[in-house]
Participant: 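Sending over a structure as C-alpha cells; questions will come in a sec.
Chain naming here is simple, since letters A, B, ... match the order of the sequence lines and numbering starts at 1 in each. Since we're looking at a predicted model, the values are computed, not measured.
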Protein chains: 2
Amino acid sequence: MATERLDRGRVIDAAVALLDAEGLDALSTRRLGAVLQASANAMYWHVGSKDNLVGLAADAVFAELELNTDDNTSWRERLAATARELRTMFTGHSWLTSAFAAYPNTQGPALRRFQNHLLVVCRQAGFEGFDLDWAGATVFSFVIGDAWGQTQSSTPDDSSITTVDLLEQVKPDLADYPLLLERYTALSNADPAVVNNTSFEFGLCTLLDGLQAHLDHQDDKAQPDA
Amino acid sequence: MATERLDRGRVIDAAVALLDAEGLDALSTRRLGAVLQASANAMYWHVGSKDNLVGLAADAVFAELELNTDDNTSWRERLAATARELRTMFTGHSWLTSAFAAYPNTQGPALRRFQNHLLVVCRQAGFEGFDLDWAGATVFSFVIGDAWGQTQSSTPDDSSITTVDLLEQVKPDLADYPLLLERYTALSNADPAVVNNTSFEFGLCTLLDGLQAHLDHQDDKAQPDA
DNA sequence: ACCTGAACACCGTTCAAGT
DNA sequence: ACCTGAACACCGTTCAAGT
C-alpha cells in the first residue's frame with residue numbers, strides 16, 4: 001500500500017507487465033504513471049523518454065533467455081535450442097516484434113549477450129569470418145520473421161467468429177487462386193497452435209540442413225584430395 | 001492547381017508517397033489532409049480509418065511486385081527471384097515492416113496474389129499438402145526477418161557519426177564478448193550495402209539448400225527400391 | 001455524395017515549482 | 001535527488017452542418 005520510491009527497475013518492470021497484459025498501444029506515460037501510483041512524468045527522470053523505456057523493456061525480456069552453454073551438445077541441437085528459446089520469448093511477449101519495429105534503438109546488454117551466444121554456437125558449428133555473421137543473421141531473421149507472422153494472426157480477440165467463418169468470408173476473394181483457397185481451407189481446419197509449431201519446426205529444420213550443406217561444401221574445398 | 005475531387009486511389013497514393021518520403025510517424029490525418037489540400041477528416045469517407053489506410057497502402061505496394069510466371073524456369077531460380085523481389089519491396093519502403101507490425105489487419109488482394117504465387121512455385125518444386133504452407137512460410141519469414149533487420153540499422157540519419165565512431169562507443173560494453181567485438185569490428189569496416197546483400201544471399205542459399213534436402217529426402221521415401 | 005469545422009479524449013514531452 | 005501540475009503541440013475519430 002505504501003507508495004514507495006520509484007527506481008529504474010520498477011519502472012521497467014511495470015512497463016513490461018503493462019505491455020504483456022495489454023499490448024504496445026496500452027503503454028502510455030499516463031497509464032504507466034497510474035500503475036506506478038505516480039504522475040505521468042515521473043518516469044522521465046528514470047528512463048529519459050518513452051522510446052528509451054521500450055528499449056529497456058525489450059532488453060529486460062531478452063535477459064530472461066536461458067542459453068545453453070554446454071559445449072558437449074552438438075551445434076545442431078544447440079542452434080535449434082537457441083532458435084526455439086528466442087521464438088518462445090517473442091511469442092510470449094507479442095508486443096516485442098512491434099516494439100522493435102517502432103523503436104529501433106534497442107541495443108541493450110541482454111541483446112548483445114544473445115548475439116554473442118548465437119555467434120559462439122555458429123563458430124562451434126564450423127563457420128568462420130563473415131560466414132559467422134551470415135549464419136547467425138539467417139537464424140535470427142527466420143525466427144523474427146516467424147514470430148512476426150505469429151503475432152499478426154493472433155490479434156482477433158473476438159473468439160465468437162471461428163476461423164471457418166472467417167474462411168467463408170474471404171472465399172469470394174480467392175476465386176482467382178484455387179491453390180490458395182485449398183491451403184486456406186486446409187489450414188483453417190487445423191489447430192492453430194499445431195500449425196504454428198509445425199511450420200516453425202519445418203523452417204528450422206530447413207535452415208539447419210542448409211547450414212549443414214554449407215559446412216559440407218566448405219570441407220570439400222578444404223580437403224580437395226580426400 | 002485546381003483542387004480536384006478526392007477518391008480512394010488518390011488518398012492511398014498520397015499516403016504511400018508520404019510514407020516513403022518521411023516514414024510511418026509522418027503519416028497523420030492532418031498531414032495527409034494538407035498534402036491533399038483537404039481537411040484532416042476528408043479521408044475518413046474514402047478509407048474509413050487510419051488503420052485501414054495503412055493496410056491499403058501496404059497492399060498498393062505489394063501490387064507492384066513483378067512475379068515471374070514462366071514455368072520453364074527452375075523452381076530454385078523462381079523461388080530465389082520471388083524472395084529477392086519481396087526483399088527489394090520491403091527495403092524500398094522502409095515503413096512496411098513497421099506498418100505490418102502496428103496494423104496487422106492487412107489482407108488485401110495484392111498480398112493474396114503474392115501468397116498464391118509463392119505456393120505455386122513451392123508446388124512446382126515438388127512440395128505437397130501442408131509442406132506447401134511450411135515451405136512458403138519459411139521463405140516469407142526469412143525475407144521479412146531480414147528486411148526487418150535492414151530497416152532497423154538504416155535509421156541513423158546523422159551521417160556525421162561514422163560506423164567506426166559508433167563502434168568505438170560500444171566497445172566497453174563488448175568487453176565480456178570478444179567474439180562479438182571481433183565481428184562488430186569486421187562489419188563496421190565493410191560496406192553496409194554489400195554486407196546486407198551478402199547476408200541475404202547467404203541466408204537465401206541456405207534456405208534453398210535446406211528445401212532441396214527436404215525434397216531429396218521425400219524422394220528417398222517415395223522410391224525406397226531405387 | 002462528399003467535405004468542413006469544431007469538438008472530444010487522448011498522446012509525448014518540457015519545465016517551473018515543490019520537497 | 002526525485003517528483004508534481006500545468007502547459008504545449010500534437011494525435012485519431014466523431015458528428016452536426018454545409019454543398
Side-chain angles (χ1 to χ4, degrees), chain A residues 1-19 21-58 95 98-106 155 157-158, chain B residues 1-19 21-58 95 98-106 155 157-158:
Chain A
M1 191 64 73
T3 309
E4 289 185 14
R5 202 139 235 228
L6 251 49
D7 62 44
R8 202 180 164 95
R10 274 192 62 208
V11 173
I12 297 172
D13 289 348
V16 172
L18 190 54
L19 288 165
E22 304 190 41
L24 191 58
D25 290 340
L27 181 68
S28 76
T29 57
R30 290 167 231 271
R31 284 272 276 136
L32 188 65
V35 169
L36 291 168
Q37 300 189 11
S39 92
N41 325 319
M43 53 151 285
Y44 278 88
W45 199 91
H46 297 282
V47 298
S49 71
K50 189 192 170 184
D51 283 36
N52 201 39
L53 174 59
V54 174
L56 291 167
W95 50 276
S98 311
F100 266 105
Y103 310 92
N105 302 338
T106 308
T155 32
D157 303 310
D158 190 358
Chain B
M1 190 63 75
T3 309
E4 289 184 17
R5 203 141 233 230
L6 251 50
D7 61 45
R8 204 180 164 95
R10 275 192 61 207
V11 173
I12 296 172
D13 287 349
V16 171
L18 190 53
L19 287 164
E22 304 190 42
L24 192 57
D25 290 339
L27 182 68
S28 76
T29 58
R30 291 166 228 274
R31 283 272 275 137
L32 187 64
V35 168
L36 290 168
Q37 299 189 12
S39 93
N41 325 320
M43 53 152 282
Y44 278 88
W45 199 90
H46 297 282
V47 297
S49 72
K50 190 192 169 183
D51 284 36
N52 201 38
L53 174 60
V54 174
L56 291 167
W95 50 276
S98 311
F100 266 106
Y103 310 92
N105 304 339
T106 309
T155 31
D157 303 310
D158 190 357

Participant: Starting at atom CH2 of Trp45(A), determine the distance to atom P of dT14(C), rounded to an integer number of angstrom.
Facilitator: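 To the nearest whole Å, that distance equals 16 Å.
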
Participant: Hey, does Leu27(B) reach any base, or is it just sugar-phosphate, or nothing, if we go heavy atoms under 4.0 Å?
Facilitator: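 Sugar-phosphate, backbone atoms only, no base.
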
Participant: Please pick, from dC11(C), dC2(C), dT4(C), the nucleotide with the shortest atom-to-atom distance to any side-chain atom of Arg31(A).
Facilitator: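 Nucleotide nearest to Arg31(A)'s side chain: dC11(C).
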
Participant: Less than 4.0 angstrom between a side-chain N/O of Ser39(A) and OP1 or OP2 of dC3(D), yes or no?
Facilitator: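 Checking dC3(D) against Ser39(A), no side-chain N or O comes under 4.0 Å of OP1 or OP2.
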
Participant: Which base, if any, makes a Watson-Crick or G-U wobble pair with dA16(C), both distances under 3.5 Å?
Facilitator: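 dA16(C) is paired, partner dT4(D).
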
Participant: Touch check for Thr29(A), heavy atoms < 4.0 angstrom, all strands: base, sugar-phosphate only, or nothing?
Facilitator: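 Contact class for Thr29(A): base.
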
Participant: Give the nucleotide from the list dT14(C), dC3(D), dT4(C) with an atom nearest to the side chain of Tyr44(A).
Facilitator: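 Nucleotide nearest to Tyr44(A)'s side chain: dT14(C).
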
Participant: Taking 4.0 Å as the cut-off, does a side-chain nitrogen or oxygen of His46(A) come that near to OP1 or OP2 on dA1(D)?
Facilitator: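 Checking His46(A) against dA1(D): no side-chain N or O falls below 4.0 Å of OP1 or OP2.
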
Participant: Using modelled atom types and a 3.5 Å cut-off, is there a donor and acceptor pairing between side-chain atoms of Ser98(B) and backbone atoms of Ala101(A)?
Facilitator: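 Side chain of Ser98(B) to backbone of Ala101(A): a pair is present.
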
Participant: Would you kindly check whether a donor in the side chain of Asn41(B) faces an acceptor in the base of dG12(D), or vice versa, at under 3.5 angstrom?
Facilitator: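 Counting by modelled atom types and ignoring angles, no donor-acceptor contact under 3.5 Å is found here.
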
Participant: Does atom CG of Asp25(B) have more than 12 heavy-atom neighbours, drawn from other residues, nucleotides or ligands, at distances under 6.0 Å?
Facilitator: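 Count not over threshold, so no.
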
Participant: By nearest heavy atom, map Arg30(B) and Ser49(A) onto DNA chain C; which one lands nearer the 5' end?
Facilitator: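 Its nearest nucleotide lies further toward 5', so the answer is Arg30(B).
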
